[in-house]
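Values below: every heavy atom of this structure, side chains too, minus hydrogens, waters and symmetry copies.
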Amino acid sequence: MIRMSVNRILPLLALLFFLTSCSHKYKIEGNSSITGLDGKMLFLKVFQDGEWVPIDSAEVIHGFFKMNGPVDSAMMVTLYMGQEGIMPLVLENGKIEVTISVSQLSAKGTSLNDKLYEFINKRNALEVKIEELERKEARMVLDGADLEDVHQALSKESATLVKEMNDYVRQFITDNFENVLGPSVFMMMCSTLPYPVMTPQIEEIMKTAPLSFKENKQVKDFLTKAKENMKLLEEQRRMRQNMVSGEETR
C-alpha cells in the first residue's frame, strides 16, 4: 500500500491551488489605425463605488498595444484614453484581440467579448435603419410627397424597427442574466434614460430576472432610485389631479 504523509500532501495541495489560480489570465493584443493614438496611454478601468478605477495600462506604439494579467472571474471594464471612454470589454481568461479604427471598434477571441460585439454590431445596424427612415422621410417630402402620408407610412416602419431593437436588447439581457453581460447591457440601456425610472421594458425584464441579477450592485441601485422616482411621479400626478378637481368644483 502506498502511503503519503499529511506533511507531504499539504505542500502539493498548496502548489495545485497556486497553479490553478494563476492559470486564468487575460491577454489583450490591440491594434489601431488612428495615427493620433500613437504615443498615447490607454487604460483599462472598472466601475467601483461610483468611480472608474484604473487596473491596467499600456502605451500605443506604432499602432499596437498589449496588456495582460491575472483574472479570477469575468469582469466588465472600459478601455479609456485619458478621461474618455473608448469601448467596453470583458476581461476574461484568454486572448482578446482589440481593433480600433475610424469605422470599427471591436474585441474578439473570447466567448463573452464575441457575444458582446455581436450584440453591439446588430444593435448599431438597427439604429442605422431607424435613422435612415428619418432621412428617407425628408427626401420624400422634398420630392413632393404629402408630409402627412409620408409620416404615417414611415411611422409604422419605425415602430416595427424600434420594437425589433427593444425585443433584441431584452432577449440579450435575459439570455445573459447569469454572467457579466446581462447586468452590464442592462445598465447601458438604462443610461439612455434621462433619470432612473421603471419603463415597460425594464418591468418585463425584471419579471423573469433571477435574484443574482437583481442583487447586482449597479442594478440594485438603479432599481431603488427608479422605484423612488416612480413614487414621486405618482404623487405629483395625484397633486395635479386634486388641483384640477378643486378648480372644477369652484
Side-chain angles (χ1 to χ4, degrees), residues 22 24-131 165 168-169 172-173 176 179-196 216-219 221-222 225:
C22 291
H24 288 178
K25 295 181 179 180
Y26 68 88
K27 182 179 181 182
I28 295 175
E29 293 188 356
N31 69 85
S32 169
S33 59
I34 301 175
T35 55
L37 283 182
D38 262 5
K40 302 289 186 181
M41 291 296 297
L42 298 180
F43 300 87
L44 286 181
K45 295 186 180 183
V46 61
F47 193 72
Q48 290 180 347
D49 300 323
E51 61 179 356
W52 288 98
V53 180
I55 57 174
D56 203 349
S57 62
E59 183 180 2
V60 181
I61 300 174
H62 302 307
F64 296 94
F65 61 94
K66 293 183 179 181
M67 300 181 194
N68 61 78
V71 57
D72 294 330
S73 58
M75 179 191 309
M76 200 74 186
V77 298
T78 298
L79 187 65
Y80 269 79
M81 184 180 71
Q83 298 302 312
E84 180 184 358
I86 298 175
M87 59 188 291
L89 294 170
V90 182
L91 216 56
E92 60 180 329
N93 184 45
K95 180 182 173 183
I96 306 165
E97 299 174 9
V98 174
T99 300
I100 302 173
S101 69
V102 174
S103 59
Q104 181 186 22
L105 294 171
S106 72
K108 62 181 182 179
T110 59
S111 60
L112 293 181
N113 280 300
D114 290 345
K115 270 188 181 182
L116 174 62
Y117 276 86
E118 180 184 355
F119 164 77
I120 288 173
N121 290 336
K122 182 168 180 179
R123 187 181 182 281
N124 286 347
L126 287 170
E127 283 190 332
V128 168
K129 286 183 179 180
I130 293 169
E131 291 170 0
M165 184 169 69
Y168 178 61
V169 172
F172 183 86
I173 293 170
N176 293 279
N179 63 58
V180 294
L181 293 181
S184 299
V185 171
F186 176 81
M187 293 308 300
M188 289 179 193
M189 177 188 76
C190 294
S191 68
T192 62
L193 299 170
Y195 52 85
N216 174 278
K217 188 178 185 308
Q218 287 180 272
V219 173
D221 287 347
F222 174 86
K225 291 174 184 174

Report the C-alpha separation of K217 and D221 in whole Å, then their side-chain angles, then the decisive distance to 0.1 Å, and conclude whether the salt bridge (charged side-chain N to carboxylate O under 4.0 Å, His left out) test is met.
-> CA-CA 6 Å; K217 188 178 185 308; D221 287 347; 3.1 Å; yes
E118 with K122: basic N within carboxylate O range, under 4.0 Å = no
Using the test side-chain contact (heavy atoms from CB on, under 4.5 Å), find all partners of A58 that sit at least two apart in sequence or belong to another chain.
-> F65, M67
Looking just at side-chain N and O atoms, do N179 and N176 make a donor-acceptor pair shorter than 3.5 Å?
-> yes
Test: K108 cationic atom under 6.0 Å from Y117 six-membered ring centre, within 45° of axis | no
Say whether Q104 and T99, considering side chains only, have a donor N or O and an acceptor N or O under 3.5 Å apart.
-> no
Any M76 side-chain heavy atom under 4.5 Å of P88 side chain = yes
Are side-chain heavy atoms of I100 and M87 found at a separation under 4.5 Å?
-> yes
May I ask you to decide whether K95 forms a salt bridge with E29, counting only side-chain N to carboxylate O separations under 4.0 Å?
-> yes
Sequence neighbours excluded, every pair satisfying ring pair (Phe, Tyr, Trp, His ring centres under 6.0 Å) that has a member inside residues 34-54 | F47-W52, W52-Y80
Taking atom OG of S111 and atom CG of N93, what is their separation to the nearest 0.5 Å?
-> 9.5 Å
Verdict with reasoning, I173 to M189, per side-chain contact (heavy atoms from CB on, under 4.5 Å) = CA-CA 10 Å; I173 293 170; M189 177 188 76; 4.2 Å; yes
So with a 6.0 Å cut-off around NZ of K40, is the heavy-atom count from everything else above 12?
-> no
